[in-house]
Amino acid sequence: MTLFKVSTEPLDLPLKHTFTISRGSREVAENILIRLEADGITGIGEAAPNHRYNETRESALSFLNNIGSYETRKPFDVDALVSHMNDKSDGEYAAKAGLEMALYDWIGKKLRMPIYRLLQAPGATGPRTTFTIGIDEPEVISEKVREAEAYPLLKVKLGTDNDKEIIRTIRDVSSKPVLVDANERWESVDQAMEMLRYLENYNVFLVEQPMPASCKKEMMILRRKSSIPLYADESLTGRESLDEIAMQFHGINIKLMKTGAISTSLRLLHRARMKGLKIMTGCMVESTIADTASAVVAMWADYADLDGHMLIKNNPCKGLIINPEGNVKLRDEP
């Protein structure tokens, strides 16, 4: 038998800039560092709970501390750990993702093998990642865009009364392709279509979650009308009907903190491909620990939005690399 000991500690990640989306602002990401130890080897993971999904650092810590330890005859059986965690709770997917991440890290170290090889990924270099520009005053947005000069794709947060001004401000500084994320804030088909038609002229290559997740019928109408591909974020946790999602969106944004596991995310990705959906791999505001785990999934994706570690001041470890072309690249080591 292998006895894994689980330990946790708060991981505060101060941000380079106040990060504002349509739901609010923050200056520190309150995440959790997770350690999973057995046989003298320690795997690490990270949880980034999000209030949007009724999770807090306190609730995630409570879940993880209640597990405490994990004993198994099959230490490499990731699905067994995922099942064990799901038996403990129907929620707390960020905590589950962080603990499964730590097990994968432990397995990689135990076998002296990069996880992307263990999972037989198609390679170690994935799609180009976007760099996120949060909601702010025009002069600050201009400054953020200039700071992101090294990155070929921008992600722009909208969902305010000044959305058009934000887009014009960015275009005064940069002509780079833009991904727009409205974070559910366009509340009617008419409002959403007005913005989508406006964005057609500004080199926007996709729009993420234009309307609230509850607006399923409205999204079906919007999908038929939009000339810009629409991707599900808040509408997709991984536990919805992909048939319904495919009627509302052209693609999906898979985030480990919502699906609860790398293994679950990969199964979701392949099922979504069968429904004709495009794939983006995204992140919360998190360090290189969690972004590297997400980058493993991104090896199968069309797009990546893995810039969480680039938005923080004190990145605690090394992991994925963003190459000079802006692609997500994994290191060739455990």
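The residues of the chain are indexed from 1 along the displayed sequence. The basis for the numbers below is simple: all heavy atoms, side chains too, and nothing from hydrogens, waters or symmetry mates. Computed from a predicted structure; not experimentally measured.
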Ignoring hydrogens and geometry, is there a side-chain-to-backbone donor-acceptor pair from [X] to [Y] under 3.5 Å?
X: S59; Y: E55; value: no
X: R171; Y: Y202; value: yes
X: N66; Y: F63; value: no
X: Q209; Y: A182; value: no
X: N183; Y: I21; value: no
X: D307; Y: M310; value: no
X: D302; Y: K278; value: no
X: N315; Y: H309; value: no
X: N327; Y: T125; value: no
X: E200; Y: I228; value: no

Quiz item: Taking the six-membered ring for Trp, are Y70 and H84 ring centroids under 6.0 Å apart?
Solution: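 Under 6.0 Å, so yes.
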So with a 6.0 Å cut-off around [atom1] of [X], is the heavy-atom count from everything else above 12?
X: M247; atom1: CE; value: no
X: Q120; atom1: CD; value: no
X: D332; atom1: CG; value: yes
X: E71; atom1: CD; value: yes
X: E27; atom1: CD; value: no
X: K176; atom1: NZ; value: yes
X: M274; atom1: CE; value: no

Self-check item: Nearest-0.5 Å distance, CG of residue L330 to CD of residue E333
Solution: 10.5 Å
Quiz item: Hey, mind stepping through I133 and K155 against side-chain contact (heavy atoms from CB on, under 4.5 Å) and telling me if it holds?
Solution: CA-CA 6 Å; I133 308 297; K155 177 174 179 174; over 6 Å; no
Quiz item: Do K255 and M284 have side-chain heavy atoms sitting under 4.5 Å apart?
Solution: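 K255 vs M284: side chains touch.
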Quiz item: What is the minimum heavy-atom distance between E218 and M211, and which atoms define it?
Solution: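 E218 and M211 have their closest heavy atoms at CB-CE, 3.7 Å.
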Quiz item: Would you call the rings of Y151 and F131 parallel, tilted or perpendicular, where under 30° means parallel and over 60° means perpendicular?
Solution: parallel
Quiz item: Can S7 and E37 be counted as having a side-chain donor-acceptor contact under 3.5 angstrom?
Solution: no
Exercise. Test L158 against every option in M195, E208, R185 by the side-chain contact (heavy atoms from CB on, under 4.5 Å) rule and name the one that passes.
Key: M195
Exercise. Dump the intermediate steps for side-chain contact (heavy atoms from CB on, under 4.5 Å) on L230 and L196, then the final yes or no.
Key: CA-CA 10 Å; L230 308 178; L196 289 168; 3.9 Å; yes
